[in-house]
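Report on one structure; see the data block that follows.
Atoms considered below: every heavy atom in the structure, side chains included; atoms not considered: hydrogens, waters and symmetry mates.
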Amino acid sequence: MIGRLCHALLTSAARRWPADLRAEMLAEWRAELHALPGGVRRLRYAASLAVSRPHREAAVLVRPGRNFAHAVLSLVLLAGLPMLYMDLALGWTTVYSEDTVTWQAWVGAGSIPAAAGLAIICARVTTGVTQLIRPVLLPAWSIGSLYATLAAWPLLSGHLPNRSNLASTALWALSAVALGTLAVRARPALVSWGLVVAAVPVSFWFITMGIETIGEEYVGRGPLAGYLFTLAVRTPVHVAVFLLVYANHLARRPRASAPEVAAVPS
């Protein structure tokens, strides 16, 4: 029974490899499996191959011009999209009443997966940035780009930045970068994405230095409902989702290897 299960897991893992390599890899794995003592160790070995990251084709070759263009586009997206969203969101996140909380809750809740989806799209169109920035530095790049924009924005209109806002936003940025960096370094993928999920409410707590529920008197279903409503509609939550998912998705893609770098024509 264990033997059949092990061979089924190896066959499943082999399907992730190119067709011309499957037979060779499967034969090698079966030989290693046969050499392992004990059914538990064999099952653990086969399961580890079955759940490991799927084989991907070689990463994009290093092209300095292309990668630099991707980095510029990445900076524009990270600095521009959250600022645009926060400006648009002011219309439905500043006033609450019994007549509005229902649709505001739905819009806010829908904005969270929308932010994650947009982050993945942006990551896929700026993959070249990973050849210029180490994966472990991507959270700092993503969140730092927006923080620099927030700090410089008042200067463009001839005003000095609000120190209190800068301080609270700095705490948000530092906590999000710290947890985002842990997520980038974490393995397996489930743990990594779990840290991303945890980083969103934790960083939100740092920007408010507490749980300041909004609209609780209109939600009318207790403190938990008020807190969930607050998480759903607050723009820093949506922005954090976008930035952290963007960084983690990019960090988990393969980078060009040394032979690929050397193969680029001069």
Side-chain angles (χ1 to χ4, degrees), residues 53 74-75 77-86 89 93 105 107-124 126-127 129-130 133-151 164-214 223-253 255:
R53 181 181 296 183
S74 174
L75 178 62
L77 292 174
L78 294 171
L81 288 180
M83 295 294 293
L84 177 63
Y85 172 74
M86 287 188 286
T93 58
V107 172
S111 296
I112 294 176
L118 181 61
I120 292 173
I121 294 172
C122 291
R124 289 182 176 179
T126 58
T127 54
V129 76
T130 58
I133 301 174
R134 295 174 58 191
V136 75
L137 297 178
L138 284 170
W141 163 260
S142 302
I143 297 162
S145 299
L146 176 60
Y147 183 77
T149 304
L150 290 171
S164 177
N165 290 342
L166 283 181
S168 61
T169 308
L171 291 174
W172 166 81
L174 289 173
S175 59
V177 168
L179 289 172
T181 303
L182 286 177
V184 166
R185 300 175 67 92
R187 297 294 184 271
L190 183 62
V191 175
S192 177
W193 286 110
L195 285 170
V196 169
V197 172
V200 174
V202 170
S203 61
F204 176 67
W205 186 91
F206 274 98
I207 201 173
T208 60
M209 293 306 291
I211 306 302
E212 180 187 357
T213 56
I214 54 179
L224 179 59
Y227 172 62
L228 293 177
F229 177 80
T230 301
L231 283 181
V233 302
R234 290 300 297 270
T235 53
V237 172
H238 307 152
V239 171
V241 169
F242 172 76
L243 297 174
L244 289 166
V245 171
Y246 175 87
N248 207 48
H249 186 79
L250 268 181
R252 298 189 65 80
R253 71 178 294 276
R255 290 161 60 87

* Main-chain N/O of Ala123 paired with Thr127 side-chain donor or acceptor, under 3.5 Å -> no

* To do: Any chance you could measure Ser142, atom OG, to Leu75, atom CG, to the nearest 0.5 Å?
  => 10.5 Å

* **Nearest heavy-atom neighbours spanning Arg252 and Pro188** => NH2-C, 4.3 Å

* To do: Can you see which heavy atom on Ala116 is nearest to which on Val241, and at what distance?
  => N-CG1, 3.8 Å

* Structure fact -> Here the gap from Thr181 atom OG1 to Arg185 atom CZ, rounded to the nearest 0.5 Å, amounts to 8.5 Å

* Is any side-chain heavy atom of Leu146 closer than 4.5 Å to a side-chain heavy atom of Met83? -> yes

* Using the ring of each side chain (for Trp, its six-membered ring), is Trp193 parallel, tilted or perpendicular to His249, with breaks at 30° and 60°? -> tilted

* **Closest heavy-atom pair and its distance - Val200, Val237** => CG1-CG1, 3.6 Å

* Donor-acceptor pair, side chain of His238 and main chain of Ala115, under 3.5 angstrom -> no

* Is the CG atom of Leu190 crowded by more than 12 outside heavy atoms at less than 6.0 Å? -> no

* Structure fact -> Taking every heavy atom of Pro135 against every heavy atom of Pro139, the minimum-distance pair comes out as O-CD, 3.8 Å

* Structure fact -> When every non-hydrogen atom of Ile143 is compared with those of Ala176, the smallest separation belongs to CD1-CB, 3.5 Å

* Asked: Is there side-chain contact between Thr126 and Tyr246, with at least one heavy-atom pair below 4.5 Å?
  -> yes

* Close side-chain approach of Tyr85 and Ser111, heavy atoms under 4.5 Å -> yes

* Are side-chain N/O atoms of Trp141 and Ser74 paired as donor and acceptor at under 3.5 Å? -> yes

* Asked: Between Cys122 and Phe242, is any pair of side-chain heavy atoms under 4.5 Å apart?
  -> yes

* Looking at Pro82 and Leu77, what are the two nearest heavy atoms and their distance? -> CD-O, 3.5 Å

* Asked: Hey, are the side chains of Leu244 and Val196 touching, using non-hydrogen atoms and a 4.5 Å cut-off?
  -> yes

